[in-house]
Amino acid sequence: MNSVEAVAINAAAFVITLALFGIYVATLGHNPLDVYYVLWLGSFARQISIESTLTNAAPLMLTALCTAIPARAGLLVIGGEGALVVGGVATVLAGMLVAGAPFLVGVTFMSLAGALAGGLWIAFAGALRQYRGVNETISTLLLNYIAIAVMYHLITGPMRDWERVLKTSSWSIPDALRVGALPVIDVHWGLAAGIVVCLILYVVMRRTTFGFGVDVLGGNPRAAQMAGLPINRMVLICCFMGGAAAGLAGAFEVTAVHGFASESLVVGFGYAGILVAFLSRQNPAAIIFLAIILGGVAASGGLLQRRFDLPDATTQVLQGLLFMIVLASNAAYGRLNVFQPAAWRTA
Amino acid sequence: MNMVSQLAVEAPPSVSIKGLTKRFGALTALDDVAMEIRPGAFHALLGENGAGKSTLVKCLMGTYRADAGHVLIDGQEASIASPRDAQRLGLGMVYQHFTLVSSMTVAENLVQGEAGLGAIIDWPARRERLTAFMADMPFRLELDRQVSTLSAGEKQKLEILKQLHLGSRFLVLDEPTSVLTPDEADQILGLMHQLTDAGRISVVLISHKLREVEAYADEVTVLRQGRLAGRGQVGSLDRSDMVRMMVGEDQLAASAPRVTHDAGEALLSVRGLSVEDDKGVPAVRDLTLDVRSGEIVGIAGVSGNGQTEFVEVLAGQRAETGGHIEAGGRRYGKTRAEMRALGIKLLPEAPLDNACVRGMSVAENLSLRTYDTEPMARGGIWLNRAEMRKRAAGLIARFHIKTQGPDAAIETLSGGNVQRTVLARELSEKARILIVQNPCFGLDLKAVAEIRRQIVDARNEGTAVLLISEDLDEILELADRILVMSDGRIVYETPRSEADLQEIGHHMAHHEE
Ligand SMILES: Nc1ncnc2c1ncn2[C@@H]1O[C@H](COP(=O)(O)OP(=O)(O)OP(=O)(O)O)[C@@H](O)[C@H]1O
Ligand SMILES: [Mg+2]
């Protein structure tokens with residue numbers, strides 16, 4: 001019942017967003033229908049656009065988990081961007097360490113390094129909250145800035161690749177350790193990793209005693225205390241898992257897309273992931289589909305801007321609109337009579 | 001509007017409910033119910049837990065939409081689609097939980113609910129009117145006191161004043177006295193009775209306490225399983241008539257025989273415990289006590305004397321600032337492993353907020369203590385929801401929890417059935433240490449007898465029971481040793497055999513003098 005409700009509310013949010021976006025482009029003097037068509041063209045109409053959509057979706061799945069998993073325990077973590085960056089930098093360092101190692105060993109090591117770095121990064125925010133009373137939303141927001149600043153420091157100094165003049169970047173990982181495309185479709189292996197991690201975490205959260213305990217904690221911390229659950233440990237684990245997912249996104253951005261750490265890691269995957277997490281209502285399986293839809297929005301952005309000569313910020317306007325409407329639509333849960341045949345909720 | 005003159009002039013409406021039916025999915029919570037409340041009546045609405053009392057008044061107040069039936073107000077059919085409609089018709093409800101803004105003053109709270117409040121409030125004029133309004137009321141509160149400084153009884157009074165000030169001349173009180181001490185309850189109900197006697201308002205009182213009904217109400221309506229089971233004048237019914245209407249021909253559980261034995265070793269020991277409340281004010285001061293195997297230690301006291309904070313510490317929901325707790329002879333760290341090894345079970349007050357997870361099902365809530373053990377978890381890791389449901393179905397039957405099934409959300413249960421759910425969870429396995437706070441709040445007569453029996457049974461089998469209750473009768477009935485808590489301290493102790501009501505009452509009231 002509830003998942004039907006979620007789908008319906010999300011669909012309505014999308015439709016309202018598209019309508020408002022239509023008004024926005026109309027004020028800029030374009031026919032909204034043409035714009036919608038190009039959105040479709042750039043995201044799902046052709047193989048190449050689908051590939052680009054999925055390439056964008058891969059990191060989104062993982063960064064969405066960075067918000068979704070801690071949210072199940074009752075935390076609002078928005079540190080996906082920072083965890084991704086930290087994960088990317090750690091991946092480069094790990095790549096330097098294992099140069100010359102066999103492919104599988106090297107890639108596994110780099111991925112684990114990225115995940116570990118991202119996991120510790122967010123777990124740190126979790127520890128600050130549990131042991132020092134620091135609000136996790138603020139700390140993860142600030143940690144994003146810190147992560148980005150640290151990366152810039154490293155790629156402009158200690159880790160800078162001086163050979164590359166046009167683009168400031170870190171050293172590149174060895175070519176032999178670069179990850180390629182999936183079979184059949186030209187999308188990197190990060191997509192498979194994203195889907196697998198989402199499915200694993202779905203099982204962990206829905207089918208294990210750990211996931212049940214986390215739901216109790218998120219649902220009512222006082223009940224969790226009364227049941228004697230190890231709350232600190234659960235919060236740290238959730239933060240670690242979420243951060244590790246985002247760190248893994250950073251790892252694949254390095255090993256499969258860029259080959260090095262640079263400002264290209266800071267393109268907003270972390271923030272778009274928050275949106276995906278909200279849309280999915282913290283359900284890791286739903287994240288897979290919603291990340292693909294949001295990946296489509298990102299993929300068609302460039303085409304949209306070029307075709308209609310729209311301002312650069314246009315896709316951000318679209319995403320921002322969607323975010324606000326999704327947040328507003330959260331108020332609709334439990335209020336629509338259609339979905340509550342028994343009664344509407346009482347306070 | 002001038003409430004004073006309105007209250008004086010307009011008589012309360014006559015309200016009659018006809019053929020009211022309300023379904024929640026497959027469950028028919030109310031089935032063709034009728035009820036008549038004449039103007040100026042003090043009308044009691046009785047029934048077991050889950051009989052449909054709250055649902056009935058929520059339909060009347062526009063919180064729920066009835067599936068069939070209608071309401072006549074002064075003989076005219078009224079359509080009440082929302083609480084606002086009800087307010088317009090002069091119908092008001094005082095809920096069991098408080099709806100006041102605690103950081104505001106009494107005056108601000110009174111004004112706050114008014115419709116048509118402009119952007120600018122003319123305070124001098126309002127105050128004058130509020131003062132006149134208060135002067136006209138049988139009970140008064142200082143307009144400038146902040147609500148957070150009011151006692152539970154005073155808050156309840158303010159809720160009632162707020163309704164009267166809004167112009168309600170027909171007041172529904174849904175279990176208003178469960179948060180009050182007997183004295184406060186008597187005072188408030190007595191004052192309400194004055195208002196109904198003077199023909200100024202009508203009152204519908206929902207209560208499980210027949211003593212209150214007999215003392216204050218003049219007519220009753222009884223519901224059983226969603227149907228009208230009887231009605232009449234209080235004067236012409238005696239207690240057994242009312243009980244029969246409520247429970248049918250079923251027998252109440254006999255009170256449990258008490259085994260006389262010497263209490264064993266101390267299982268739960270509190271040593272010099274100090275606790276602060278949310279504002280950092282000491283709530284429990286240097287409290288020391290022992291609860292031994294096979295005894296019930298009852299802590300009596302007026303609410304707000306540190307009981308809540310004390311139970312929170314025992315539940316792991318609040319940190320102590322000094323002293324410590326020992327369980328089974330060792331320091332107690334409130335971990336799940338200890339709770340399990342020592343068999344520590346706990347029923348706190350307000351179980352929906354303190355011991356349940358809203359949004360989770362009855363089955364899930366029944367499993368909070370055991371979900372990670374066989375057979376509900378395979379290997380301690382994999383949840384087996386089918387087993388969870390199966391076990392829940394067993395508990396639902398055994399503890400007579402009224403619910404649409406194990407998968408119903410916990411918030412759809414009636415107040416008393418939430419209480420039973422938590423009791424079922426805590427009593428389903430053998431407890432060695434049982435801590436219960438107001439275990440019978442909101443329970444109907446039959447359930448009260450059942451639960452008290454279970455508590456005594458547990459004691460007979462050697463469980464150490466700590467009973468914290470504001471109901472002195474309950475303590476006198478159950479406890480082997482009676483302690484009185486006042487201002488965060490144990491100020492008096494007496495064994496059951498020497499308990500003297502006067503003496504206990506004196507110590508309970510002590511700090512208020
Ligand atoms: N929102 C709801 N959704 C589904 N079922 C509900 C809902 N509200 C009440 N019920 C069911 O309707 C029945 C009557 O509930 P109600 O709250 O009216 O009982 P009550 O007489 O007030 O009992 P109590 O004395 O325990 O407060 C119960 O079986 C309850 O589970
Ligand atoms: Mg009720």
Side-chain angles (χ1 to χ4, degrees), chain A residues 1-6 71-74 130-133 200-235 237 281-283 330 333-347, chain B residues 22-27 29 54-55 58 63-65 95 97 99 312 314-318 333-340 344 346 348 350-360 364-365 367-369 371-373 376-385 388 404 408-409 411-412 422 425:
Chain A
M1 201 48 153
N2 278 336
S3 54
V4 180
E5 184 181 12
R72 294 189 75 102
Q130 292 309 111
Y131 300 107
R132 284 280 167 270
I200 289 176
L201 287 183
Y202 175 81
V203 171
V204 168
M205 301 319 286
R206 291 290 308 160
R207 295 288 155 84
T208 69
T209 52
F210 174 79
F212 187 86
V214 169
D215 285 347
V216 170
L217 174 59
N220 184 1
R222 292 178 70 84
Q225 287 169 326
M226 200 197 119
L229 298 180
I231 294 177
N232 290 342
R233 192 166 79 209
M234 281 162 43
V235 166
I237 293 176
R281 309 207 80 206
Q282 283 71 265
N283 176 343
N330 270 341
Y333 283 97
R335 295 209 183 175
L336 300 182
N337 259 329
V338 204
F339 301 109
Q340 317 287 128
W344 52 96
R345 277 158 192 269
T346 49
Chain B
K22 172 72 188 162
R23 290 184 206 93
F24 293 112
L27 174 107
S54 298
T55 305
K58 281 179 186 166
T63 314
Y64 288 154
R65 195 189 308 266
Y95 293 90
H97 55 268
T99 60
E312 283 175 336
L314 293 170
Q317 293 169 337
R318 186 179 287 276
K334 299 138 199 163
T335 64
R336 198 164 172 85
E338 288 169 299
M339 289 174 190
R340 193 159 287 160
I344 302 183
L346 192 145
L352 193 54
D353 293 326
N354 285 317
C356 293
V357 185
R358 282 171 208 262
M360 280 192 164
E364 289 169 324
N365 273 293
S367 310
L368 289 197
R369 291 246 184 240
Y371 70 85
D372 50 355
T373 57
M376 273 162 298
R378 265 173 261 131
I381 293 179
W382 298 105
L383 272 193
N384 185 341
R385 286 182 190 268
M388 208 185 252
Q404 295 199 43
E411 353 28 330
T412 65
V422 176
R425 177 175 86 208

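Throughout, a chain's letter reflects where its sequence line sits, starting with A, and its residues are numbered from 1.
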- Message: Which atoms of B:Glu312 are under 4.5 Å from chain A, going by heavy atoms: the side chain, the backbone, both sets, or neither?
- Response: side chain

- Task: Examine whether an atom of B:Pro351 lies under 4.5 Å from a heavy atom of chain A, and if so say whether it belongs to the side chain, the backbone or both; otherwise answer neither.
- Result: neither

- Query: Side chains of B:Asn354 and A:Met226: closer than 4.5 Å at any heavy-atom pair?
  - Reply: no

- Query: Could you state the interatomic distance from OG1 (A:Thr208) to CG (B:Asp372), rounded to the nearest 0.5 Å?
  - Reply: 11.0 Å

- Task: Name the region of B:Arg385, side chain, backbone, both or neither, that has any atom closer than 4.5 Å to a heavy atom of chain A.
- Result: side chain

- Counting only heavy atoms closer than 4.5 Å, note whether B:Arg425 contacts chain A via side chain, backbone, both or neither. side chain

- Item | Flag, side chain of A:Arg207 to backbone of B:Trp382, donor-acceptor distance under 3.5 Å | no

- Query: If every non-hydrogen atom of B:Val357 is compared with every non-hydrogen atom of A:Val216, which pair is closest and at what distance?
  - Reply: CG2-CG1, 3.9 Å

- Rounded to the nearest 0.5 angstrom, the CE-CG distance for B:Met339 and A:Leu229 is 8.5 Å

- Task: Specify which of B:Leu27, B:Leu346, B:Leu314 makes the most heavy-atom pairs with chain A at under 4.5 Å.
- Result: B:Leu346

- Message: Strictly distance-based, threshold 3.5 Å: is any side-chain N or O of A:Asn220 a donor or acceptor partner for the main-chain N or O of B:Asp353?
- Response: yes

- Message: I'd like to verify something: which residue of B:Ile381, B:Thr412, B:Asn365 has the highest number of heavy-atom pairs under 4.5 Å with chain A?
- Response: B:Ile381

- Would you please test A:Gln225 and B:Lys334 for side-chain contact (heavy atoms from CB on, under 4.5 Å) and show each step? CA-CA 8 Å; A:Gln225 287 169 326; B:Lys334 299 138 199 163; over 6 Å; no

- Nearest heavy atoms of B:Ala355 and A:Ala223, plus distance in Å: C-CB, 4.0 Å

- Message: What verdict does the side-chain contact (heavy atoms from CB on, under 4.5 Å) test give for B:Leu368 and A:Phe212, after you've listed the backbone C-alpha separation in whole Å, the side-chain angles of each residue and the deciding distance to 0.1 Å?
- Response: CA-CA 9 Å; B:Leu368 289 197; A:Phe212 187 86; 4.1 Å; yes

